[in-house]
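Below is one structure; the comments refer to it alone.
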Amino acid sequence: MTSPLPGAPWLARQGQDLVLDGCSLADLGQRFGTPLYVYSRRAMQAALSAYQRALSGRPHLVCYAMKANSALAVLQTFAQAGCGFDIVSAGELERVIAAGGDPAKTVFSGVGKRRADMHRALEAGVLCFNVESEAELDVLSEVAVAASRTARVSLRVNPDVDAGTHPYISTGLKGNKFGIAHESAVAAYRHAASLPGLEVTGIDFHIGSQITQVAPYLDALDRMLDLVEAVEAHGIRVHHLDLGGGLGITYTDESPPGADELVSRLIERIDARGHGHRTLMFEPGRSLVGNAGVLVTEVLYLKPGEVKNFCIVDAAMNDLVRPAMYEAWMAIEPCRQRTEPTLRWDVVGPVCESGDWLGRDRDLAVQPGDRLAVLSAGAYGMVMASNYNSRPRAAEVMVDNGQATLIREREDVRSLFAGEHLLPPKSPRSP
Ligand code: LLP
């Protein structure tokens, strides 16, 4: 191995075998079948503690953005470590509760919350709603009044900064659908403070995902602190600052700051501007789970060609859509290394689309029956899986210091059409 694997030290080559926290991935693929997602519990715990370490000694809450990976065992791991959650639907809230998470440590984000979802979240006692528009403020207040409750709110402001990431996952620019425009934010706060069902508690931003620099965060923070000062000048107290998620991970040669470095740099600025007394919140997703997981797949066929060599595997775009959707580069490693020379392959799945690829132009020594691991697949992998081509979704396994536990069974084909109905039989009189 010439370069360290993303996910080190939990992922390493031991002899020929690729090993995740003490478990050989080739063996796990054999035991549980493929495609198979495998996660390291200790890698997730370590990623969370980097945030917690940097925040210790001041009031704070890390809310895991569970859209990145919402497996119950993943949520349980974070809940047990004292973590809160960032949710974007009532479905995610039910998962938090089922996993033993605390709704009182849960923030509810998202541009399109429905009344029923707001009602359920109020009933469960979520910490606060991250509100994204003035229209949403009105609806939330109505729902809260009807339920005889008060909704704590934070306004998500759009600071209009460029996070320097893929356009689909950049969210903090004026042209994005997210947040309340910086210029309208003071008016929105005054409106929120005037509504009977609401209590203003905080402010938040989230400027994008897979961000590899500190600078865009500092720019957004400065704009946020300007706003907090303007809002408080109107007598409205802002208790917490929520700096969103978005910290990137290493897929190939990116070198994002560590979570502790990012947090320390932000705290430095917050303190320098005299805002150190406020509760600090973060909503990391990818940086807590991305490099804690891999997708194991089996090579079905090799199809060398004139222009391209295709290595056809049993995982497809329905299992892991990031390469097809964002042209994302994710490392692919043999689970058990061969000594033969490598050839250059496009690693593709069985789905009937040319966009169904996991990696292009990869140098690998492979044979049918071998298992490959797609690395950095712990975030936005399984959660974005679909049943396209009537393919059941993969199984998931959590490893912890050499022990592997099946945390989600492979989907059963019959369950894919269990809720469907055939049309009634044709009546004899119909034409
Ligand atoms: N908070 C909010 C309001 C968000 O919208 C997101 C992610 C996060 C936190 C967590 O961001 P993270 O720390 O994971 O970057 N499917 C895409 C990523 C979409 C991110 C959506 N929002 C991908 O596979 O790259």
Side-chain angles (χ1 to χ4, degrees), residues 37 44 47-48 50-51 61-70 74 78 83-89 92 106-113 127-133 136 154-159 163-173 176-180 202-213 216-217 220 224 241-252 254 256-259 262-263 281-293 295 317 319-330 358 374-386:
Y37 276 99
M44 294 184 184
L48 174 64
Y51 280 93
L61 183 63
V62 178
C63 291
Y64 166 54
M66 61 179 282
K67 63 169 75 72
N69 185 329
S70 57
V74 170
F78 288 126
C83 192
F85 297 93
D86 170 50
I87 60 167
V88 289
S89 70
E92 288 194 342
T106 298
V107 299
F108 193 173
S109 299
V111 285
K113 302 178 194 78
L127 178 63
C128 93
F129 291 81
N130 289 348
V131 174
E132 303 228 10
S133 63
E136 186 189 334
S154 160
L155 300 201
R156 176 171 176 181
V157 293
N158 183 332
T165 182
H166 189 286
Y168 283 13
I169 53 177
S170 186
T171 50
L173 280 168
N176 299 130
K177 70 178 173 185
F178 299 101
I180 295 173
I203 187 163
D204 63 285
F205 67 63
H206 172 77
I207 53 176
S209 200
Q210 187 54 18
I211 302 169
T212 54
Q213 311 281 328
Y217 280 99
M224 173 191 257
L241 309 175
D242 175 347
L243 310 187
L247 177 60
I249 60 170
T250 302
Y251 286 98
T252 165
E254 308 90 334
L262 171 70
V263 173
M281 291 170 53
F282 284 89
E283 300 166 1
R286 189 190 316 264
S287 55
L288 293 188
V289 292
N291 275 335
L295 173 62
M317 65 190 287
D319 299 298
L320 180 64
V321 76
R322 300 194 69 257
M325 193 155 170
Y326 314 111
E327 302 208 345
W329 195 98
M330 302 175 73
L358 298 176
V374 184
L375 308 189
S376 314
Y380 305 111
M382 185 63 175
V383 282
M384 295 178 81
S386 75

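All ligand and atom numbering here is 1-based and tracks the order in the structure.
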Would you please determine whether M325 falls within less than 4.0 Å of ligand 1 on a heavy-atom basis?
no

Residue-ligand contact P284/ligand 1, heavy atom below 4.0 Å:
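Checking ligand 1 against P284, which is what was asked, there is a heavy-atom contact under 4.0 Å.
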
Say whether [X], considering both its backbone and side-chain N or O atoms, lies within less than 3.5 Å of an N or O atom on ligand 1.
{"X": "Y380", "answer": "yes"}
{"X": "G285", "answer": "yes"}
{"X": "G246", "answer": "yes"}

If you look at every heavy atom in M330 and S376, which pair is closest and at what distance?
CE-O, 3.4 Å

Search all heavy atoms of V289 against all heavy atoms of N69 and return the closest pair with its distance.
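Nearest pair, atom of V289 first, then N69: CG2-CB, 4.1 Å.
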
Atom indices of ligand 1 within 4.0 angstrom of [X] heavy atoms, with elements:
{"X": "G245", "result": "9 (C), 13 (O)"}
{"X": "R156", "result": "3 (C)"}
{"X": "M384", "result": "16 (N)"}
{"X": "A65", "result": "8 (C), 9 (C), 10 (C)"}
{"X": "D86", "result": "1 (N), 2 (C), 9 (C)"}
{"X": "R322", "result": "23 (C), 24 (O), 25 (O)"}

Give a yes or no answer on whether the side chain of K67 reaches the backbone of D86 with a donor-acceptor pair at less than 3.5 Å.
no

Check each of E283, M66, R286 against atom 9 (C) of ligand 1 and report the one with the nearest heavy atom.
E283

Strictly by modelled atom types, are S287 and Y51 linked by a side-chain donor-acceptor pair under 3.5 Å?
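The criterion, which ignores hydrogens and geometry beyond distance, is satisfied for Y51 and S287.
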
Can you list the residues that meet the salt bridge (charged side-chain N to carboxylate O under 4.0 Å, His left out) rule with E92, with sequence neighbours excluded?
none

Do L241 and M281 have side chains that get closer than 4.5 Å, going by heavy atoms?
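Heavy-atom side-chain distance check fails, nothing below 4.5 Å.
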
Below 4.5 Å, heavy atoms only, C-beta onward: do L247 and P257 meet side chain to side chain?
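Heavy-atom side-chain distance check passes, below 4.5 Å.
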
Report the part of F178 (side chain from C-beta onward, or backbone N, CA, C, O) that has a heavy atom under 4.0 Å from ligand 1; answer both or neither where that applies.
neither

If you round to the nearest 0.5 Å, how far is OH of Y64 from OG1 of T106?
13.0 Å

Residues in ring-ring contact (aromatic ring centres under 6.0 Å, His included) with Y217, at least two apart?
none

